[in-house]
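For reference, the structure is listed below as structure tokens.
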Amino acid sequence: MTTTPPRAVRLPARLRSPGRWAVLPAAVVAGAALGGGYGALRTPEYAATSYVIVVPGEKSDPAAALGFAQAYGRVATDIAVTGDAQVWAGVSAATLRKSVQAETSPDAPMISLTARAAKPSQAVSIADGVARSLVLNSTHVAGSTGVKVVQFSRATKPTAPVSPSAPLSALVGACAGGLLGGLALLVRPKRAAGRGEGRHSRPGTVTAAAVPAPAAHQPEPEAV
């Protein structure tokens with residue numbers, strides 16, 4: 001009784017070449033190095049948030065406060081720039097516009113003013129300065145709007161930065177590098193195959209597959 005030896009499983013040529021797969025770990029290491037370096041060299045940012053609330057006047061509709069809160073939230077940085085917020089915070093108008101973000105609530109006439117800065121104390125000064133500008137501006141136009149803005153909560157000094165740390169940046173960079181490396185592995189075989197076909201099918205040459213085989217000659221039957 002004879003046994004047939006098992007046939008060896010042959011992998012495709014692109015899977016047998018170990019050099020191609022070195023791209024993926026190299027891309028992961030490069031992405032982690034770049035991400036970690038960016039996180040270590042980047043200046044940390046601190047965020048502080050101040051809250052104001054819009055209240056209606058004695059003869060004003062309480063529902064109007066919600067609409068004015070939305071309006072004040074859209075122009076909060078403009079009011080702060082035209083007011084004294086940049087003087088109180090000690091920053092330029094461009095820095096104040098770039099570092100402050102105002103958010104409103106669809107259910108309550110409240111506005112949150114979040115400021116980002118390289119120092120915790122500066123973030124607090126910017127957030128409270130913008131809130132103070134909104135309060136003063138609403139007081140000047142309260143006769144025509146029927147509402148005014150009051151300070152609800154002052155900003156507290158942050159204890160930790162909100163910017164990503166070096167380990168987190170390295171992790172994000174490693175994931176991005178792995179993704180790019182995987183895409184490179186998927187795209188590279190198609191390009192190599194295209195170049196190989198281009199070399200074999202040059203202009204002016206006729207391949208063997210394009211030439212038809214000669215037809216076999218069949219003898220004619222003799223007449224009786």
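Count residues from 1 along the sequence.
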Results of side-chain contact (heavy atoms from CB on, under 4.5 Å) for [X] - residues two or more places apart only:
X: S92; value: A94, T95
X: A71; value: none
X: R154; value: D128, Q151
X: Q122; value: V91, A117, K119, I126

Minimum-distance pair of heavy atoms, taken over all atoms of [X] and [Y]:
X: A48; Y: T156; answer: CB-O, 3.9 Å
X: A76; Y: A102; answer: CB-CB, 3.9 Å
X: G129; Y: A85; answer: O-CB, 3.5 Å
X: A115; Y: A123; answer: CB-O, 3.5 Å

State which residues pass side chain to side chain donor-acceptor pair (under 3.5 Å) with [X]; sequence neighbours excluded, sorted by chain then number.
X: S125; result: none
X: T104; result: Q70
X: T77; result: none

* Test log, rule side-chain contact (heavy atoms from CB on, under 4.5 Å), inputs K148 and V55 -> CA-CA 6 Å; K148 61 180 180 178; V55 296; 3.7 Å; yes
* **Listed once per pair and sorted, the salt bridge (Lys or Arg N to Asp or Glu O under 4.0 Å) pairs that draw on residues 134-144, sequence neighbours left out** => none
* Selection residues 78-96 - residue pairs positive for salt bridge (Lys or Arg N to Asp or Glu O under 4.0 Å), sequence neighbours left out ->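 For residues 78-96: D78-R97.
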Is there a continuous path of hydrophobic side-chain contacts, each under 4.5 Å between heavy atoms, that joins [X] to [Y]?
X: Y72; Y: V81; answer: yes
X: F152; Y: V124; answer: no
X: Y46; Y: Y51; answer: no
X: L66; Y: L113; answer: no

* Asked: Do E103 and I111 have side-chain heavy atoms sitting under 4.5 Å apart?
  -> no
* Asked: Quick one: are V135 and N137 in side-chain contact, heavy atoms under 4.5 Å?
  ->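 They are not in side-chain contact.
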* Quick one: CD on E45 to OG on S99, what's the gap to the nearest 0.5 Å? -> 9.0 Å
* Other than L136, which residues form its hydrophobic cluster under the rule that side-chain heavy atoms must be closer than 4.5 Å? ->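 For the cluster that includes L136, the remaining residues are W88.
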* **Intermediate values then yes/no, side-chain hydrogen bond (donor to acceptor under 3.5 Å, both in side chains), T114 and T49** => CA-CA 4 Å; T114 303; T49 304; 3.0 Å; yes
* Structure fact -> Which of T139, I79, V150 passes side chain to side chain contact (heavy atoms under 4.5 Å, CB included) with L134? It is I79
